[in-house]
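Following: one structure in structure tokens, then a few remarks.
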Amino acid sequence: MEGGRLKIGITCYPTYGGSGAMATELGLALAARGHEVHFIAYQQPFRLPDFVPRVFFHEVDVGRYPLFEYPPYDLALAVRMHDVVRQHRLDLLHVHYAIPHATSAWIAREMLGKVGQDVQVITTLHGTDITIVGQDPSFHSITKFSIEKSDGLTAVSDYLRRETYTAFGCSSCDVEVIHNFIDPLVYDRSRYSHALRGQIGASRRVLMHISNFRPVKRVRDIIEIFAAVNREIPSALVMVGDGPDRGIAEQHARSLGVESSTFFLGKIDAVAPLLASADLFLLPSQSESFGLSALEALACGVPVVASKAGGLAEVVIDGVTGALREVGDVPAMAQAAVEILRDRERWRSVSEAAALDARARFAQEDIVAQYEAYYQRALG
Ligand code: GMT
């Protein structure tokens, strides 16, 4: 560490997903504040631009060998972490999503001990690493072990912090909540042309959903909510992203007769320009530790109708910035959506409240400062 400037290694899932997006945005913001940031992953994180001062990318190469039906990525990652820490004299490794990143970081740290070097390991818990995958019997004990061995633990919501204690006991853990964030300059409705509107037409309201289309997102509910809203208010549904349940969603749109008003755009990295054309965001998930896409929508002045699941209640203020209803209660979510969309004045007040609240509680500058303070405490 020189003059408070840190050398930080960041590991995340580099493909689509909120944890990878957040880890990348955090790394870029830290570099902008003068820190040196080293991303260590099997692929360049999707939100990482080609060149940014003080940002480096180290690819993890998982060697192939015919004996390995399952190449041991966790070990290759540990070795790369160890090498990068040694070569660049990193102060800390900040890993996002516990499995297997926290385990690999622990191995790297143990290896460093042999050469008399140390590094602090901070693990940020994002969601299913605690609520689903980490509780699978195959992973429970290694998840508990790895998070207990981390020098610092953060969770993206109060809900996830509570879940961590419930699922793992972790009597020695001290989990600090640091929420996800948005860059208010990027998630700003007024910055973008409404190109999507041009395709859909100005007379229809635009409902939007962005995700990786996994079962937890309840894509059938999205189509059903849309179909109900469309019966009352002429609308279009824009589905952004891709994943295992995309086919189910497409089929459901056909079976409900709304396929001509439903647009599947596939994976798109920059979502702010799309959100700027949206009137309402739908996130009726079964479980959601935070709901980063909901926050990005709110910051763009898009009211959110979501399920009352997990940490979503920490992001969406029911009746103020959107509406929260019970998981699976499609009629209630459709009704809430119609109430927001029907009256232009009401829509405008919810939209303004959403953009203001996102900036007041989740601005990048404030949250990144919380991470910096957390790092300094971890480093003593
Ligand atoms: O937890 C996952 O399955 C994936 C993870 C991701 O990489 O997108 O999503 C989680 O982390 C996001 C970023 O912190 C949160 O906004 C999501 O709510 C959370 N997903 C779930 O809890 C299902």
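Order of listing sets the numbers, starting from 1, for every ligand and every atom in it.
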Could an N or O of ligand 1 be found under 3.5 Å from any N or O of [X], whether backbone or side chain?
X	value
S289	yes
F290	yes
H126	yes
G17	no

Practice task
Ignoring hydrogens, tell whether any protein atom lies closer than 4.0 Å to atom 9 (O) of ligand 1; use the non-hydrogen atoms only.
Solution key: no
Which atoms from ligand 1 have a heavy atom of [X] less than 4.0 Å away?
X	result
S287	23 (C)
L292	16 (O)
N180	13 (C), 14 (O), 16 (O)
Y97	1 (O), 2 (C)
G291	15 (C), 16 (O), 17 (C), 18 (O)

Practice task
Measure R214 to ligand 1 on non-hydrogen atoms and call it side chain, backbone, both or neither using the 4.0 Å cut-off.
Solution key: side chain
Exercise for the section: Pick one of side chain, backbone, both or neither for how V133 approaches ligand 1, counting any non-hydrogen atom pair under 4.0 Å. Expected result: neither
For atom [atom1] of [X], decide whether the heavy atoms of other residues, nucleotides or ligands shown that lie under 6.0 angstrom number more than 12.
X	atom1	result
E365	CD	no
D61	CG	no
R204	CZ	yes

Practice task
Could you check atom 7 (O) of ligand 1 against the protein and tell me its nearest heavy-atom contact, residue, atom and distance included?
Solution key: S19 OG, 2.5 Å
Exercise for the section: Could you tell me the residue and atom name of the protein heavy atom closest to atom 2 (C) of ligand 1, and the distance to it rounded to 0.1 Å? Expected result: T128 OG1, 2.6 Å
Problem - W106 six-ring centre to R109 NZ/CZ under 6.0 Å and within 45° of normal - result: no
Exercise for the section: List in chain and number order the residues that pass side-chain hydrogen bond (donor to acceptor under 3.5 Å, both in side chains) with D158, two or more places apart in sequence or in another chain; answer none if no residue qualifies. Expected result: none
Handout entry: Aromatic ring proximity H58/H88, centre distance under 6.0 Å
Key = yes
Practice task
Please find out if less than 6.0 Å separates the ring center of Y187 from that of F362.
Solution key: no
Handout entry: Nearest option to atom 17 (C) of ligand 1, as decided by whichever heavy atom of E288, K217, E296 sits closest
Key = E288
Exercise for the section: Please state whether the rings of H94 and Y371 are parallel, tilted or perpendicular, taking 30° and 60° as the class boundaries. Expected result: tilted
Practice task
Verify, without hydrogens or angle tests, whether R346 (side chain) and I340 (backbone) share a donor-acceptor contact under 3.5 angstrom.
Solution key: no
Handout entry: Side-chain donor-acceptor pair present, E339, Q335, cut-off under 3.5 Å
Key = yes
